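Predicted, not measured: the structure shown is a model, and the values here were computed from it. Basis for what follows: all heavy atoms, side chains included, without hydrogens, waters or symmetry-related copies.
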Amino acid sequence: MEVRTDFVAAEEPMEIRLLAGRDRRRVAVTMRTPGHDFELATGFLFGEGVLADRHEVARISYCLDPDLDPEQQYNIVNVFLRAGRLPDLGRLERHFYTTSACGVCGKATLEALRIRGCPVLGEGPVVDAAVLRTLPDRLRAAQGLFTATGGLHAAALFTQEGELVALREDVGRHNAMDKLIGWAFLEGRLPLRDHVVMVSGRASFELVQKAVVAGIPVFCAVSAPSSLAVEVARAFGLTLVAFLRGDRFNIYSGFERVALPASTPTR
């Protein structure tokens with residue numbers, strides 16, 4: 001038997017509070033890896049339709065109330081709105097508690113996305129198949145925390161030429177995506193019409209719908225897609241690539257955005 005020190009991924013609760021005028025509301029609690037917390041909060045709120053533009057946000061801060069347990073002060077994020085009152089938060093009633101494993105409980109339906117007014121994605125970029133094949137290695141090379149712990153999911157944003165733009169890691173795959181989209185939200189880069197997103201796990205409905213809301217036209221995953229993820233991708237014109245490993249991948253929707261060699265069969 002050998003005893004040695006090992007690094008493990010951190011996982012702590014984070015509460016998201018929304019404040020406007022005299023109104024204050026606790027809107028979600030998620031289990032996450034600490035870091036990029038403001039991006040996580042805004043990415044989640046954007047994905048749920050609470051925020052539409054970064055100019056709606058006056059400021060973001062941790063809750064440093066002296067009466068609060070010091071260990072919890074950096075586990076509460078306050079998002080202050082410029083408006084004098086909170087927006088309708090009825091859609092969040094069944095979304096209050098999220099976990100690092102499965103994301104928001106009571107997932108939205110395909111019809112809910114249509115009701116929200118998410119448009120069908122435009123033509124977007126055409127990505128060479130050779131570029132797609134390089135993305136898993138480029139994602140893994142940029143995963144510093146995964147290299148140390150072996151326990152984190154990642155979501156990475158690339159250009160159509162395969163250049164890494166941004167990457168976020170978290171114990172929860174939905175958190176990694178929210179952090180990435182939150183980064184784009186705060187930087188004023190949304191919608192991400194000319195980009196490709198790559199995730200380190202499977203293509204779940206939840207992740208695909210987040211890509212649709214952020215306007216990302218090409219979604220790639222190392223592992224399998226779910227049936228509902230494929231349905232959402234086809235309904236909203238998103239290119240869904242899965243089982244992207246080595247020299248192989250499957251395209252489930254949006255074939256027109258992938259440039260394949262003339263002799264390559266599509267699957």
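Linking Ile, Leu, Val, Met, Phe, Trp and Tyr residues whenever their side-chain heavy atoms come within less than 4.5 Å places Leu64 and Ile16 in a single cluster. Both Tyr74 and Phe44 are members of a single hydrophobic cluster when ILVMFWY side chains are connected at heavy-atom separations under 4.5 Å. Cluster membership for Leu228 and Ile216, using ILVMFWY side-chain heavy atoms within less than 4.5 angstrom, is shared. In terms of hydrophobic clustering, with Ile, Leu, Val, Met, Phe, Trp and Tyr side chains grouped at heavy-atom distances under 4.5 Å, Val241 and Leu260 are assigned to a common cluster. Under a hydrophobic clustering in which Ile, Leu, Val, Met, Phe, Trp and Tyr are joined whenever their side-chain heavy atoms come within less than 4.5 Å, directly or via other members, Leu45 and Ile60 fall into the same cluster.
Looking at Phe185 and Val57, their side chains come closer than 4.5 Å, going by heavy atoms from C-beta outward. With a 4.5 Å cut-off on side-chain heavy atoms, Asn75 and Asp37 do not count as touching. For the pair Val171/Met31, no side-chain contact is recorded, criterion being any heavy-atom separation below 4.5 Å from C-beta on. For the pair Asn175 and Thr33, the minimum side-chain heavy-atom distance is 4.5 Å or more. Between Arg245 and Pro136, the closest side-chain pair of non-hydrogen atoms is not below 4.5 Å. Residues Glu12 and Arg32 form a side-chain contact, since some pair of their non-hydrogen atoms from C-beta on lies under 4.5 Å apart. For the pair Val197 and Lys210, the minimum side-chain heavy-atom distance is 4.5 Å or more. Residues Pro225 and Phe243 are in side-chain contact: their nearest non-hydrogen atoms beyond the backbone lie under 4.5 Å apart.
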For this session: Walk me through it: do Val222 and Met198 pass the test side chain to side chain contact (heavy atoms under 4.5 Å, CB included)?
Result: CA-CA 8 Å; Val222 171; Met198 173 86 196; 3.3 Å; yes

Problem set entry | Test side chain to side chain contact (heavy atoms under 4.5 Å, CB included) applied to Thr239 and Val258, step by step | CA-CA 8 Å; Thr239 296; Val258 180; 4.0 Å; yes

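Donor-acceptor pairing under 3.5 Å is lacking for the side chains of Ser204 and Glu206.
Atom-to-atom distance recorded for Leu132:CG and Phe249:CZ is 5.0 Å, nearest 0.5 angstrom. Here CG of Asp53 is found 10.0 Å from CZ of Arg82. Values are rounded to the nearest 0.5 Å.
For Glu123, the CD atom sits in a loose shell: 12 or fewer heavy atoms of surrounding residues, nucleotides or ligands are nearer than 6.0 Å.
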